[in-house]
Number of protein chains: 2
Amino acid sequence: MSTEFQCPMCGEHRPVDPFSQFCPGCRSPMLIVYDDVQRAFHKESSGMLERYRDFLPLDAIHASLGLGEGHTPLQRLDRLMCISDGPEVFAKNEIFNPTASFKDRGTVVAVHAAEARRIRRIGTVSTGNMGISTAAYGARAGIKTFVMIKTDSSREKLFSAGIHGAELIQVGGDYGRLFELSLELGGKHGIYFMNSTDALRVEGYKLEGFEIFEQMGDDAPDWIFVPVSSGGHLIGLMKAFKELRTQGMIDRLPRFVGVQARGCRPVARAFQAGAERFTRIEKVETVAQSITNPSPPAGDIVLKWIRENDGEILDVTDSDILEAQRNLAELEGIFCLPASAVTLAGMRRLAQKQAFRPGDRVVLVITGSGAKNVNILDRNKMRIVQSDLVDLGDVIRERL
Amino acid sequence: MSTEFQCPMCGEHRPVDPFSQFCPGCRSPMLIVYDDVQRAFHKESSGMLERYRDFLPLDAIHASLGLGEGHTPLQRLDRLMCISDGPEVFAKNEIFNPTASFKDRGTVVAVHAAEARRIRRIGTVSTGNMGISTAAYGARAGIKTFVMIKTDSSREKLFSAGIHGAELIQVGGDYGRLFELSLELGGKHGIYFMNSTDALRVEGYKLEGFEIFEQMGDDAPDWIFVPVSSGGHLIGLMKAFKELRTQGMIDRLPRFVGVQARGCRPVARAFQAGAERFTRIEKVETVAQSITNPSPPAGDIVLKWIRENDGEILDVTDSDILEAQRNLAELEGIFCLPASAVTLAGMRRLAQKQAFRPGDRVVLVITGSGAKNVNILDRNKMRIVQSDLVDLGDVIRERL
């Protein structure tokens, strides 16, 4: 199987190199492209990488590098559908990954690429979830791991990465500049920084799209809603369905809807303004901390691909996000990140505009567990009371 | 299929009744027993309850009550085995459940029993994990849910249960008395309190044992290490292999090792003293907060069954627990609760005594995610530094 990097913006080709992933011409992150050979799923394989190995740039797959990633459930949201007269809605629940977020899919592919090239140092720049994932897989592989994390990351996220023994560096200052600097320093010191739009990571996210296709009965859903931060996740999912189309396994792509938080919406703003390029956001302010990249490296690719494929990019308010998060927890038993709940909030926005036809099947991508970020929850919206043993009978009776 | 309650201590039989689960004679929790019909696994079914339905006291299974529980991976701990010259070690990783703990297996069975009997109020008494699980499944089922939680439970646990809309009551005072009082008040107000040793819950935990059997190639491992708090989980796992033996699917049970924390070891103390009954612990003090039941309702059953089957009950110190927790995270990428890490600490205790024969296969049950309880972690044991962008190059160079 022959693979190489290709720039999705200008078409430039280069050999695959983890240390040099940006197009020398237009500075866009490059993606992996494959030759035209017929490919198939290995349905007899239960491991995620084995099953989809025809669609991966890996010569060998090692169980010893895996932690049980992928094969997450697609859950029909029956009770949520009862309260809103709309399409058939499913959650692709990525909480069921080893470190409770979709990041694990990308990390396992990137760590395989590191292993194949005998790279002994890896790293990432993260608001939290990606740092935890990279630290866990680095530990499992026995590879020295550097995690650059924002100074304002929650204690839960900091410690959940630190427990794996990674070198954790809390860095103040501009996040976009940190992203660039990590790649410079990585090249210098032989540290493979598998950041958010890394081409190998994107190949891992792609496999989530293949699972949705299989779980829909070897078919594409009508809509897929995805949170957008750096853009890598959405690009990976779209790439899945583009490759399925190339292979003749589907004839149309789902309509993709990228959703951002109002308080950090560089891509949504550019989309709504009809611009081809996004401009960076100066001030970020939202409860959806996991999707707060003010200058998304894959932002322009997202704009291009969404436009070419009849998609949408929306932004939603914090109050809509928190309401959606609560609804998923109260009606469906799914406690997700605010950054995941943007998908339900986004779907509601489109429902108000009568965007859905009868019988449409909608997938909301639930990216990660809310348990990693309880600080943003409002105790006053919960039913919490105190009691001692003597009064317990009365307290219960009042609440029946 | 005919089922009833039976007291494992005195043999007394009663009809199954969620509201009356304790033996009228000896006050032990009763368990469900089945008639002698031949049973089989439905290997074509991917849902946990469907697959093992011949071994469950349920007439109907509803996908709408499930959240994707069970089918958790059995992971070979290769790197951990390298540093200790011992048996072949596997983790049964229960973190891969919907609310990141084994409790979900029990909750889904108990909620089915509630649904079948048209019970519209459920509840539980919990140090955290069981409360979160019951709140999530209650939400999914649309059943009013009461969670009694200890006043000193972590904010993460409190909010992770509260987000699902349950009535959350923080109760001060004796935990053992609260357990009893919940059952009294439940009977009075029609609230089915599915507490830790609930017979339906135990049937759910049993399914974890069936999965271990299947993942071992339709065979029993040589050893299974399980944390012990109330005793319900260990009883469920032992019941699995007892039923497999009754069915002729295995001819010997694994050796079960129950592990408690030194700071709360009522059952281990009784076992070591050769006593048939445990006595309650007055002062609980351990980092393993999820296994701090000072007066475990199933403690005497655990003592009896472990003795009858050549098992062991150990206790381990907090420093051994924390070291085991760190080792699992640093070597295998698994971040578990201290209450789960007791299993590795316990295995090491037995290894020191040369308990294992060459070729022995050992399963450590990893009960839940460490992310729910980061407060007990020691930042000084982690490699965390601060930096700004200017100094980042130097900071990395020093750590290569």
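From a predicted model like this one, the values you see are computed outputs, not experimental measurements. A, B, ... follow the sequence lines: proteins, then strands. Residue 1 opens every chain.
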Quick one: are B/Leu168 and A/Met382 in side-chain contact, heavy atoms under 4.5 Å?
-> no

Taking all heavy atoms of B/Phe335 and all of A/Ser160, pick out the closest pair and write down the distance.
-> CE2-OG, 3.4 Å

Contact winner vs chain B - A/Ala166, A/Ala100, A/Gly123, heavy-atom pairs under 4.5 Å | A/Ala166

Give, as side chain, backbone, both or neither, the part of B/Leu400 having an atom under 4.5 angstrom from any heavy atom of chain A.
-> both

Per-residue contact mode, B/Phe159 against chain A (heavy atom under 4.5 angstrom) = both

Between B/Ser64, B/Gly393, B/Ala139, B/Ala63, which residue shows the highest count of heavy-atom pairs closer than 4.5 Å to chain A?
-> B/Ala139

Does A/Gln170 reach the main-chain N or O of B/Ser387 with its side chain, forming a donor-acceptor pair under 3.5 Å?
-> no

Heaviest contributor of heavy-atom pairs below 4.5 Å to chain A, chosen from B/Gly138, B/Gly142, B/Ala371, is B/Gly142

Of the backbone (N, CA, C, O) and the side chain (C-beta and beyond), which part of B/Lys381 lies under 4.5 Å from a heavy atom of chain A, both, or neither?
-> neither

Of all the heavy-atom pairs spanning B/Thr151 and A/Gln386, show the shortest one and how long it is.
-> CG2-OE1, 4.0 Å

Give a yes or no answer on whether the side chain of B/Arg140 reaches the backbone of A/Ala329 with a donor-acceptor pair at less than 3.5 Å.
-> no

Side chain from CB out, backbone as N, CA, C, O: work out which of these in A/Arg399 comes under 4.5 Å of a heavy atom of chain B, or both, or neither.
-> both

Interface moiety of A/Ile384 toward chain B, non-hydrogen atoms closer than 4.5 Å | both

Can you find a heavy atom in the side chain of B/Glu167 that is under 4.5 Å from one in the side chain of A/Arg383?
-> yes

Side chain from CB out, backbone as N, CA, C, O: work out which of these in B/Thr72 comes under 4.5 Å of a heavy atom of chain A, or both, or neither.
-> neither

Rounded to the nearest 0.5 Å, how far does CG of A/Leu65 lie from CG of B/Asp78?
-> 10.0 Å

Specify which of A/Leu77, A/Val385, A/Val374, A/Val395 makes the most heavy-atom pairs with chain B at under 4.5 Å.
-> A/Val385

Atom group of B/Asn97 that falls short of 4.5 Å from chain A, counting heavy atoms = backbone

Roughly how far, to the nearest 0.5 Å, is CD1 of B/Ile163 from CD of A/Glu330?
-> 7.5 Å

Any side-chain heavy-atom pair of A/Leu392 and B/Leu178 under 4.5 Å = yes

Can you find a pair of side-chain heavy atoms, one from B/Glu156 and one from A/Lys372, that are under 4.5 Å apart?
-> no

Under a 4.5 Å heavy-atom cutoff, which of B/Ile396, B/Ile95, B/Ile149 has the most pairs with chain A?
-> B/Ile396

Quick one: of B/Lys157, B/Met148, B/Glu184, who has the most non-hydrogen atom pairs under 4.5 Å with chain A?
-> B/Met148

Quick one: of B/Pro98, B/Ala161, B/Gly173, who has the most non-hydrogen atom pairs under 4.5 Å with chain A?
-> B/Pro98

Ranked by heavy-atom pairs below 4.5 Å to chain A, first place among B/His71, B/Arg177, B/Arg155 goes to B/Arg155

Is it the backbone or the side chain of A/Arg76 that comes under 4.5 Å from a heavy atom of chain B, or both, or neither?
-> backbone

Distance in Å, B/Leu377 CG paired with A/Leu158 CG, rounded so as to fall on 0.5 Å steps = 10.5 Å

Under 4.5 Å from a heavy atom of chain B, the part of A/Ala135 involved | neither

Atom CG in B/Asp394, atom CG in A/Leu185: separation rounded to 0.5 Å?
-> 9.5 Å

Quick one: which of A/Gln325, A/Lys188, A/Lys144 has the most heavy-atom pairs under 4.5 Å with chain B, could you say?
-> A/Lys144

Select one option (side chain, backbone, both, neither) describing which atoms of A/Asn93 are under 4.5 Å from chain B's heavy atoms.
-> neither

Mind checking whether A/Leu389 and B/Leu181 have side chains closer than 4.5 Å, heavy atoms only?
-> yes

